[in-house]
Amino acid sequence: VVLAACKGDGRALEYAAPELQADREIVLLAVSTWGVALMHASPDIRSDREVVLAACKGDGRALEYAAPELQADREIVLLAVSTWGTALMHASPNIRSDREVVLAACKDDGRALEYAAPELTSDHEIVITAVTRYGYMLEYAAPALKSDRDIVLTAIRSDARDAYKSAAPELRADREIILAAVTKDKYALEDVPPELQSDSEIVRAADYYEPVGRMQLEFGRDRRYSSWEVLC
């Protein structure tokens, strides 16, 4: 009965008797249909390479439940992060230093950059891959890459405000960077250096104002600007 249930839906393993959660055939069937069913397997089965490989092939999240020695298995981790990038968080430290593994993880989900070894956060290809979809991951890039114009602009196109705030100070004062940020997200204007917040080109790019008769709505909660002060 349990064998048939797990063949149809791996989640059934949760309700199996303990001795059946230690049955290799049953667990292998379960993780083949729902990889995360590995969480319900006995400790011995979680150390079985073939079972863990099958689980991670279906769902990279299964890596969390693999035995520590298999979280250090390059083939298993590479398979896991290719289907669930942030599974990198469950890989052993030495695997997080593997460039191919980290790049594969970031290609699937840029948020994996948070779990990369420090030396790989200065890798241009890895970081630009990560920030292309998740601009706010610029926060986890090495300082040198927060000064890289190409990377910062790429990040801003994805997540303008958070990426802008993570850029190096010299780029946060750069007109091209500011214009890119406020064009994408008008609220980024609040994070621009005060001396540039009233710059007419930047304010126009932000399109922060809405007409109200001859005047326009002031910027920010403190209502510091009016249309005639900035746009005229």
Within the structure provided, determine whether D174 and R149 are in side-chain contact (heavy-atom separation under 4.5 Å).
yes
Could you tell me the separation between the CD atom of E64 and the SG atom of C56, rounded to the nearest 0.5 Å?
11.0 Å
Could you measure the distance from the CD atom of E176 to the CG atom of L153? Nearest 0.5 Å is fine.
5.0 Å
For D109, enumerate each residue passing the side-chain hydrogen bond (donor to acceptor under 3.5 Å, both in side chains) test, keeping only those at least two apart in sequence or located in another chain.
R111
In the single-linkage hydrophobic clustering (I, L, V, M, F, W, Y; side-chain heavy atoms under 4.5 Å), do V36 and W84 co-cluster?
no
dist L38:CG -> D48:CG (nearest 0.5 Å) comes out at 9.5 Å
Using a cut-off of 6.0 Å, state whether more than 12 heavy atoms not belonging to K165 lie near its atom NZ.
yes
If we only count heavy atoms from C-beta on, is the I151 to T154 side-chain gap below 4.5 Å?
no
Evaluate Y164 against I177 for side-chain contact (heavy atoms from CB on, under 4.5 Å), listing each step before the verdict.
CA-CA 8 Å; Y164 175 75; I177 299 292; 4.0 Å; yes
Take R74 and E100, measure what salt bridge (Lys or Arg N to Asp or Glu O under 4.0 Å) needs, and give me the verdict at the end.
CA-CA 10 Å; R74 187 179 188 276; E100 183 185 355; 2.4 Å; yes
Counting distance only, does the side-chain N/O of D108 pair as donor-acceptor with the main-chain N or O of G85 below 3.5 Å?
yes
Could you report the tightest heavy-atom contact between A167 and V152, atom names first, then the distance?
CB-CG1, 3.9 Å
Closest non-hydrogen atoms of C106 and A130, given as atom of the first, atom of the second and distance, are SG-CB, 4.2 Å
Locate the shortest heavy-atom distance separating A105 from V81; write the atom from each residue and the value.
CB-CB, 3.7 Å
Could you tell me which residues satisfy side-chain hydrogen bond (donor to acceptor under 3.5 Å, both in side chains) with S42, sequence neighbours excluded, listed by chain and number?
none
Taking Y65 for the side chain and R46 for the main chain, is one N or O donor matched with an acceptor at less than 3.5 Å?
no
Tell me the closest heavy-atom pair linking A116 and L88, and the distance in Å.
N-CD2, 4.1 Å
Please find the pair of heavy atoms, one from A72 and one from N94, that lie closest to each other, and give the distance.
CB-OD1, 4.3 Å
May I ask you to test the H124-D150 pair for a side-chain heavy-atom distance under 4.5 Å?
yes
Quick one: CE on M137 to OG1 on T121, what's the gap to the nearest 0.5 Å?
12.5 Å
Quick one: list whatever passes salt bridge (charged side-chain N to carboxylate O under 4.0 Å, His left out) with R161, sequence neighbours left out.
E190, D191
Closest non-hydrogen contact found for K184 with S158 is CE-O, 4.2 Å
Honestly curious: do V52 and L78 fall in one hydrophobic cluster under the side-chain, below-4.5 Å linking rule?
yes
Of all residues at least two apart in sequence or in a different chain, which pass the side-chain hydrogen bond (donor to acceptor under 3.5 Å, both in side chains) check with D148?
none
dist R175:CZ -> L196:CG (nearest 0.5 Å) comes out at 6.5 Å
Criterion side-chain contact (heavy atoms from CB on, under 4.5 Å) on L138 and Y136, from CA distance to verdict
CA-CA 5 Å; L138 185 63; Y136 64 89; over 6 Å; no
Backbone N or O of L63 within a donor-acceptor pair of the Q71 side chain at under 3.5 Å?
yes
Kindly say whether A80 contributes a backbone atom to a donor-acceptor pair with the side chain of T83 at under 3.5 angstrom?
yes
Membership question, hydrophobic clusters at under 4.5 Å side-chain separation (ILVMFWY): are I178 and L189 in the same one?
yes
Identify, with sequence neighbours excluded, every residue that meets salt bridge (charged side-chain N to carboxylate O under 4.0 Å, His left out) alongside E195.
none
Please name all residues satisfying side-chain contact (heavy atoms from CB on, under 4.5 Å) with D73, sequence neighbours left out, ordered by chain then number.
R49, L70, E75, I76
V127 side chain reached by Y140 side chain, heavy atoms, under 4.5 Å:
no
Rounded to the nearest 0.5 Å, how far apart are CD of E170 and NZ of K146?
11.5 Å
Could you walk me through whether V101 and R96 pass side-chain contact (heavy atoms from CB on, under 4.5 Å), step by step?
CA-CA 7 Å; V101 171; R96 295 190 202 184; over 6 Å; no
